[in-house]
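Before any comments, here is the structure.
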2 protein chains.
Amino acid sequence: MSVSESKKKDTSTEEKIKSAAKTVFYNKGFAATRTRDIAEEAGLNLALLNYYFRSKAKLFEIIMSETFVGFISGMKVILNDEGTSLEEKVKIIAERYIDFIIKEPEIPTFILTEIRNNPDGLLKRLPIREIVNESVFIKQFQEAVEKKEISEPNPLHFLMNLLGLVVFPFIAKPIIMGSRNLETEQFNNLILERKKKIPIWIKAMFTAV
Amino acid sequence: MSVSESKKKDTSTEEKIKSAAKTVFYNKGFAATRTRDIAEEAGLNLALLNYYFRSKAKLFEIIMSETFVGFISGMKVILNDEGTSLEEKVKIIAERYIDFIIKEPEIPTFILTEIRNNPDGLLKRLPIREIVNESVFIKQFQEAVEKKEISEPNPLHFLMNLLGLVVFPFIAKPIIMGSRNLETEQFNNLILERKKKIPIWIKAMFTAV
DNA sequence: AAAATATTTAATCATTTGATTAAAAAATTT
DNA sequence: AAATTTTTTAATCAAATGATTAAATATTTT
């Protein structure tokens with residue numbers, strides 16, 4: 001494939017629609033999104049949407065799948081790395097996910113609200129159960145509990161706290177920004193501080209005294 | 001007002017509509033809710049909705065206001081109590097909010113998603129700025145920082161972490177329940193454990209060594 | 001270049017959905 | 001009990017919205 005071909009594909013109509021759909025779906029959710037919003041965002045005729053993707057639902061399905069896979073699949077790899085300690089895993093998750101979400105800050109709210117509207121359908125696709133039940137992380141956690149290095153026996157609390165610390169500020173972003181009249185840059189700086197702080201906080205929370 | 005009158009009012013058509021609207025709006029959000037869903041949930045004719053509340057938007061407005069006030073106003077009182085220490089405030093917030101949300105678990109997601117869809121309009125109504133900038137809590141926090149009892153100088157991190165630990169599990173509820181095939185009761189037990197744990201975690205995170 | 005195929009557009013359809021209306025029924029007042 | 005007011009219902013409207021179609025344009029293949 002030539003350079004011009006690949007460039008052409010990047011900005012092809014199909015890609016334009018997908019990109020516009022992402023933007024609109026992320027910000028408004030499925031129900032509040034009009035197909036006309038997507039067409040307008042893409043600068044294209046409405047009929048192209050159905051020409052390329054057959055229906056709003058199908059298009060959404062594609063966006064959602066890609067988003068979920070992009071968000072969660074990395075997690076599985078990190079949590080199954082035999083070469084990193086528990087502490088290192090926390091560090092890597094905090095850093096990578098904060099960087100990832102800063103680039104696409106609407107994703108957490110998007111995922112959580114769309115799962116609310118269709119829990120069964122979407123959850124089947126995500127390897128959450130494997131992560132929580134069979135991962136290297138879980139083994140390491142249980143070992144640490146046995147060695148009394150960790151005071152909390154339930155790994156679910158550990159994961160909830162870690163993900164909560166990482167993700168919650170993005171979900172509450174409008175409230176946080178409104179509470180102190182922050183601009184996006186200030187908000188992002190606040191969040192970036194947390195890349196270093198979260199691993200320290202988690203360590204303080206869970207290491208047995 | 002007689003007993004029968006008050007009982008009648010509790011189950012009056014207007015109350016039935018409000019109650020049904022709460023249920024449907026909480027679970028699906030404004031955009032995904034059809035006025036017909038509300039009428040059906042209430043077991044009433046669709047036209048009654050407009051007869052009593054004039055429009056879907058007006059009805060939503062009422063539900064939302066009541067929900068927001070109920071959720072946040074208590075917080076302001078707790079954080080402005082001169083008679084409780086920082087540590088006690090954390091304990092009270094964790095306990096009260098977990099009890100509150102267990103009764104209406106959809107509220108956090110409802111609030112956060114509806115704020116996303118209309119940040120300016122709704123945030124004006126909430127006394128977030130006063131809480132974060134002028135509360136007794138803030139004074140106590142700053143004193144503790146000066147006395148080097150607390151290592152983290154920014155109260156926003158403290159509040160984000162506290163609220164994140166309390167609220168995030170409810171937002172991620174479908175994922176958490178799906179991850180281990182939990183029933184609602186098991187999920188609630190997991191959450192109830194956190195009433196005691198969160199104050200301990202917060203203390204561990206923030207007390208200077 | 002001609003033919004065939006793929007893409008795009010404008011117009012239109014059918015359904016959904018928020019809202020209204022006029023009449024019926026119920027409750028309240030006189 | 002009659003008159004009046006309030007509440008409820010069934011039918012319908014109008015706008016929004018997802019989707020389709022047929023024709024026009026562009027691209028690719030022969």
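Lettering of chains follows the sequences in order, A, B, ..., and the numbering in each one begins at 1. Since the structure is predicted, the reported quantities are computational estimates derived from the model, not experimental observations.
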Handout entry: Min side-chain heavy-atom separation A:T67-A:E104 under 4.5 Å
Key = no

Handout entry: Candidate pair B:F53 and B:F60, rule ring-ring contact (aromatic ring centres under 6.0 Å, His included), full reasoning
Key = CA-CA 9 Å; B:F53 296 96; B:F60 178 76; over 10 Å; no

Problem - Side-chain donor/acceptor of A:R36 to base of D:dG18, under 3.5 Å - result: yes

Fill in the blank from the handout: From CD1 of B:I38 across to C1' of C:dT16 the rounded distance in Å is 16 Å

Handout entry: A:M75 backbone acceptor or donor facing A:Y97 side chain under 3.5 Å
Key = yes

Exercise for the section: Could you please name the option among D:dT8, C:dT20, D:dA19 that lies closest to any side-chain atom of B:Y51? Expected result: D:dT8

Completion exercise
Of the listed C:dG18, C:dT8, D:dT20, the closest approach to the B:K56 side chain comes from C:dG18

Exercise for the section: Considering just the side-chain nitrogens and oxygens of A:T35, establish if one lies under 4.0 Å of OP1 or OP2 belonging to D:dT17. Expected result: no

Problem - Closest to side chain of A:A47, choosing from D:dT21, C:dA19, D:dT8 - result: D:dT21

Exercise for the section: Using whole Å, report how far CD of A:E14 lies from P of D:dT27. Expected result: 17 Å

Problem - Between P of C:dT7 and CG of A:L49, the distance in whole Å - result: 15 Å

Completion exercise
Rounded to whole Å, the CG-P distance (B:L48 to C:dA23) equals 19 Å

Exercise for the section: Ignoring backbone atoms, establish whether A:S55 has a side-chain N or O less than 4.0 Å from OP1 or OP2 of D:dG18. Expected result: no

Practice task
Round to the nearest Å and state the distance from A:E61 atom CD to D:dG18 atom C1'.
Solution key: 18 Å

Problem - Candidate pair B:T84 and B:K89, rule side-chain hydrogen bond (donor to acceptor under 3.5 Å, both in side chains), full reasoning - result: CA-CA 6 Å; B:T84 55; B:K89 286 185 175 60; 2.9 Å; yes

Handout entry: Separation of atom CG in A:L46 from atom P in D:dA19, rounded to whole Å
Key = 9 Å

Handout entry: B:N50, nearest nucleotide to its side chain (from C:dT20, D:dT8, D:dA19)
Key = C:dT20

Problem - For atom CG of A:N45 and atom P of D:dT21, their distance in whole Å - result: 16 Å

Practice task
Round to the nearest Å and state the distance from B:D37 atom CG to C:dA19 atom C1'.
Solution key: 16 Å

Practice task
Among B:I171, B:T113, B:L163, find the one that has a side chain to side chain contact (heavy atoms under 4.5 Å, CB included) with B:P108.
Solution key: B:I171

Practice task
Looking only at side-chain atoms of B:Y52, point me to the closest of D:dT8, D:dA19, C:dG18.
Solution key: D:dT8

